[in-house]
Amino acid sequence: MFPQKLVVAVVGATGAVGREMLKTLESRNFPGTEFKAFASARSAGTKLPFNGGELEVQELTERSFEGVDLALFSAGGSTSEKFAPYAVASGCVVVDNSSAWRMDDRCPLVVPEVNAHALKNHKGIIANPNCSTIQMVVALKPIHDAARIKRIVVSTYQAVSGTGHKGISELEAQVRQLFNMQEPEVKVYPHRIAFNCLPHIDVFLENDYTKEEMKMVNETVKIMEDPDIRVSATCVRVPVFYSHSESINIETEQKITAKEARAILSQAPGVAVCDNPSLNIYPLAIDAAGEDDTYVGRIREDNTIPNGLNMWVVADNIRKGAALNAVQIAEELLNQNLLHIDELKTFLD
Ligand code: NAP
Ligand code: 3JN
């Protein structure tokens with residue numbers, strides 16, 4: 001079923017997401033016959049542990065994809081915009097973790113538990129959604145199928161690892177400085193993140209929402225394939241290292257009770273229901289960190305409207321929110337025999 005030769009590249013391999021991609025490929029025994037690691041010239045020559053040995057990081061160039069069948073990109077939007085077209089031109093299928101191609105009509109935007117079928121029309125680039133969108137749609141698609149969601153109001157509590165290595169270092173450094181009675185240095189975020197919450201992720205847009213908030217709005221509609229779902233998002237950075245948490249309120253067309261929602265979600269792929277408030281059991285960022293599932297709890301009816309539900313949804317933003325989802329897409333490409341580009345359309349200008 002799997003090809004005899006399968007050369008797999010990770011682009012941005014030294015980053016927070018790239019390192020997790022390598023770990024995920026390894027732990028899921030992804031059937032590559034050769035693996036390559038690319039990053040910028042800054043880290044060329046770095047050795048990364050992989051499959052009991054090491055991968056030497058190479059500088060990414062336009063010619064890096066010769067002989068590569070599949071590339072998992074996680075090196076930022078501008079790198080994806082520039083280099084993914086060269087990959088496709090060499091016949092390499094790209095799974096891209098950035099926002100560069102997500103809303104492009106030629107590129108499926110895929111969460112395998114939700115819309116694996118969308119892969120069949122790919123033209124060489126498949127986009128991985130934003131981490132906050134991924135965990136939300138994993139939890140909401142089964143409810144949408146049962147009762148049709150009309151409106152979503154979501155507030156996120158996003159870990160600093162969403163900003164990569166530099167976000168993790170900033171929180172660590174500020175906590176250390178504060179405990180040593182020093183003035184914390186603010187370098188990465190617009191304000192201090194230690195012991196603080198920032199209602200500001202990515203840049204502000206003309207409509208007063210942030211780009212992160214509008215990613216949640218637009219990506220949800222594309223993945224759920226329902227232009228009538230209205231989404232309102234507030235994205236907040238919190239001083240947590242790993243896992244994003246989300247408070248989600250939905251209004252559905254048909255009535256669905258909390259008990260019914262719990263029953264549906266306990267059968268849903270990729271979801272773990274964790275909901276026993278009388279025993280103080282609900283999803284926690286520290287428990288979701290390092291895990292694959294999307295945890296859902298605090299499921300309760302919103303009594304201010306006829307058909308409303310509230311829930312609390314937590315997932316590891318670097319795993320399900322990025323690396324794991326990308327590897328699952330790659331696995332789906334293999335399972336659906338789609339690791340080829342039928343009509344080679346150029347993404348080069
Ligand atoms: P990170 O820790 O800062 O790592 C960035 C990686 O990109 C490093 O490997 C870096 O290599 C590489 N890179 C930067 N510029 C490059 C260039 N010109 N050519 C080749 N490689 C380059 O960031 P991260 O958290 O891993 O995130 C990386 C990207 O993944 C983000 O920018 C975002 O687009 C995407 N992401 C998506 C989600 C999601 O929601 N699905 C979540 C987090 C991140 P060097 O070591 O050489 O600098
Ligand atoms: O901040 C977070 O928690 C998630 C960050 C995601 C991110 C960070 C830098 C650039 C993205 C993304 O995936 O949307 C991008 C981007 O590619 O736009």
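Keep in mind the model is a prediction, meaning the values are calculated, not measured. Atoms within each ligand, like the ligands themselves, are counted from 1 in listed order.
- Here the CD-OG distance, from E213 to S155, works out to 9.0 Å after rounding to the nearest 0.5 Å.
- Centroid-to-centroid, the aromatic rings of F73 and F83 stay 6.0 Å apart or farther.
- Near I201, meaning under 4.0 Å from one of its heavy atoms, ligand 2 places the atoms 1 (O).
- Close approach of ligand 1 to S98 is summarised as follows: ligand atoms under 4.0 Å from at least one heavy atom of the residue are 34 (O).
- Among protein heavy atoms, the minimum distance from atom 28 (C) of ligand 1 is reached at S74 O, 3.3 Å.
- F195 and F179 have perpendicular rings, their planes meeting at more than 60° on a 0 to 90° scale where under 30° would count as parallel.
- Considering only non-hydrogen protein atoms, atom 43 (C) of ligand 1 sits nearest to V17 CG2, 3.7 Å.
- Among protein heavy atoms, the minimum distance from atom 2 (O) of ligand 1 is reached at A16 N, 2.9 Å.
- Here T79 has side-chain heavy atoms under 4.0 Å from ligand 1, and that is the only part of it that gets that close.
- Residue G321 places at least one N or O, backbone or side chain, under 3.5 Å from an N or O of ligand 1.
- Checked by atom type, the side-chain pair N130/E212 shows a donor-acceptor distance below 3.5 Å.
- Not a single N or O atom of I134, backbone or side chain, sits closer than 3.5 Å to an N or O atom of ligand 1.
- Listed by atom number, the atoms of ligand 2 under 4.0 Å from S98 heavy atoms are 17 (O).
- Here the heavy atom of the protein found nearest to atom 1 (O) of ligand 2 is R237 NH2, 2.6 Å.
- Geometrically, ligand 1 and A41 share no nitrogen or oxygen pair separated by less than 3.5 Å.
- For atom 8 (C) of ligand 1, the nearest non-hydrogen atom from the set T14, T61, N325 comes from T14.
- Applying the 6.0 Å contact sphere to CZ of F241 captures more than 12 heavy atoms from other residues, nucleotides or ligands.
- The shortest distance between side-chain heavy atoms of L339 and L6 falls below 4.5 Å.
- In this structure, atom 4 (C) of ligand 2 lies nearest to the protein heavy atom C131 SG, 3.4 Å.
- Closer than 4.0 Å to atom 9 (C) of ligand 2 lies none of the heavy atoms of the protein.
- The option with the heavy atom closest to atom 7 (O) of ligand 1, from among P129, A44, G76, A75, is A75.
- Those atoms of ligand 1 with a heavy atom of N128 less than 4.0 angstrom away are 41 (N).
- Of the N and O atoms on the side chains of N128 and N97, at least one donor lies less than 3.5 Å from an acceptor on the other residue.
- Side-chain atoms of E225 and H117 include a donor-acceptor pair closer than 3.5 Å.
- Put simply, the side chain of D293 never gets that close to the backbone of Y295: no donor and acceptor are under 3.5 Å apart.
- In this structure, H122 and H340 have tilted ring planes: the angle between them lies in the 30° to 60° band.
- For atom 40 (O) of ligand 1, the nearest protein heavy atom (residue, atom name, distance) is C131 N, 2.5 Å.
- Contacts between N317 and ligand 1 below 4.0 angstrom, taking non-hydrogen atoms only, are absent altogether.
- The shortest contact between atom 23 (O) of ligand 1 and any protein heavy atom is with G164 CA, 3.9 Å.
- Assignment of A100 to the shell around ligand 1 is not supported, since no heavy atom sits closer than 4.0 Å.
- The nearest protein atom to atom 13 (O) of ligand 2, hydrogens excluded, is given as R102 NH2, 2.7 Å; this is a heavy-atom distance.
- A salt bridge does not link E170 with K187: none of the charged nitrogens is closer than 4.0 Å to a carboxylate oxygen.
- Residue contacts with ligand 2: N317 is excluded, as none of its non-hydrogen atoms falls under 4.0 Å.
- On a distance-only criterion, G15 and ligand 1 share at least one N/O pair closer than 3.5 Å.
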Applying side-chain contact (heavy atoms from CB on, under 4.5 Å) to M311 and I248, what does each step give before you reach the verdict? CA-CA 5 Å; M311 62 185 78; I248 301 178; 4.1 Å; yes

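- Atoms of ligand 1 found under 4.0 Å from any heavy atom of H165, numbered from 1 in the order shown, are 2 (O).
- At under 3.5 Å, not a single nitrogen or oxygen of G162, backbone or side chain, sits near a nitrogen or oxygen of ligand 1.
- When only modelled atom types and interatomic distance are considered, S278 and N276 share a side-chain donor-acceptor pair under 3.5 Å.
- When side chains are defined from C-beta on, I125 does not count as touching S80, because their heavy atoms never get closer than 4.5 Å.
- In this comparison of S99, G162, A100, A322, the heavy atom closest to atom 16 (C) of ligand 2 sits on S99.
- Residue E212 approaches ligand 2 through these ligand atoms, each under 4.0 Å from one of its heavy atoms: 2 (C), 4 (C).
- Here is the list of ligand 2 atoms found below 4.0 Å of a heavy atom in Q158: 1 (O), 2 (C), 3 (O).
- Ligand 1 places these atoms under 4.0 Å from at least one heavy atom of N97: 35 (C), 36 (N), 37 (C), 38 (C), 39 (C), 41 (N).
- Between K23 and E26 no salt bridge is recorded (no basic side-chain N to carboxylate O distance below 4.0 Å).
- With no hydrogens or angles considered, a side-chain donor-acceptor pair links S40 and R42 at under 3.5 Å.
- Under a cut-off of 6.0 angstrom, the local environment of CZ in R300 is crowded, with over 12 non-hydrogen atoms contributed by other residues, nucleotides or ligands.
- Note: L22 CG to L55 CG = 6.0 Å, rounded to the nearest 0.5 Å.
- Neither the backbone nor the side chain of S99 comes within 4.0 Å of ligand 1, counting heavy atoms alone.
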Assess whether side-chain contact (heavy atoms from CB on, under 4.5 Å) is satisfied between D226 and R148, documenting all intermediate values. CA-CA 10 Å; D226 187 342; R148 187 130 198 265; 3.2 Å; yes

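- The nearest heavy-atom contact from the protein to atom 6 (C) of ligand 2 is N130 ND2, 3.9 Å.
- For K211, the heavy-atom gap to ligand 2 stays at 4.0 angstrom or more.
- The shortest separation from a heavy atom of N97 to ligand 2 is under 4.0 Å, placing the residue in contact.
- In terms of N/O distances under 3.5 Å, ligand 1 is not approached by T163.
- Counting protein heavy atoms only, atom 7 (C) of ligand 2 is closest to K215 NZ, 4.3 Å.
- Ion pairing of E219 with K222 is absent here, as no side-chain N (NZ or NE/NH1/NH2) approaches a carboxylate O to less than 4.0 Å.
- Neither the backbone nor the side chain of M216 comes within 4.0 Å of ligand 2, counting heavy atoms alone.
- Ligand 1 has no N or O atom lying under 3.5 Å from any N or O atom of A322, backbone or side chain.
- Less than 4.0 angstrom separates some heavy atom of S43 from each of these atoms of ligand 1: 45 (P), 46 (O), 47 (O).
- Put simply, the side chain of T294 never gets that close to the backbone of V271: no donor and acceptor are under 3.5 Å apart.
- If you check which protein heavy atom lies closest to atom 14 (C) of ligand 1, you get R42 NH2, 3.6 Å.
- Within the 4.5 Å cutoff, the side chain of N307 has no heavy atoms near those of the I256 side chain.
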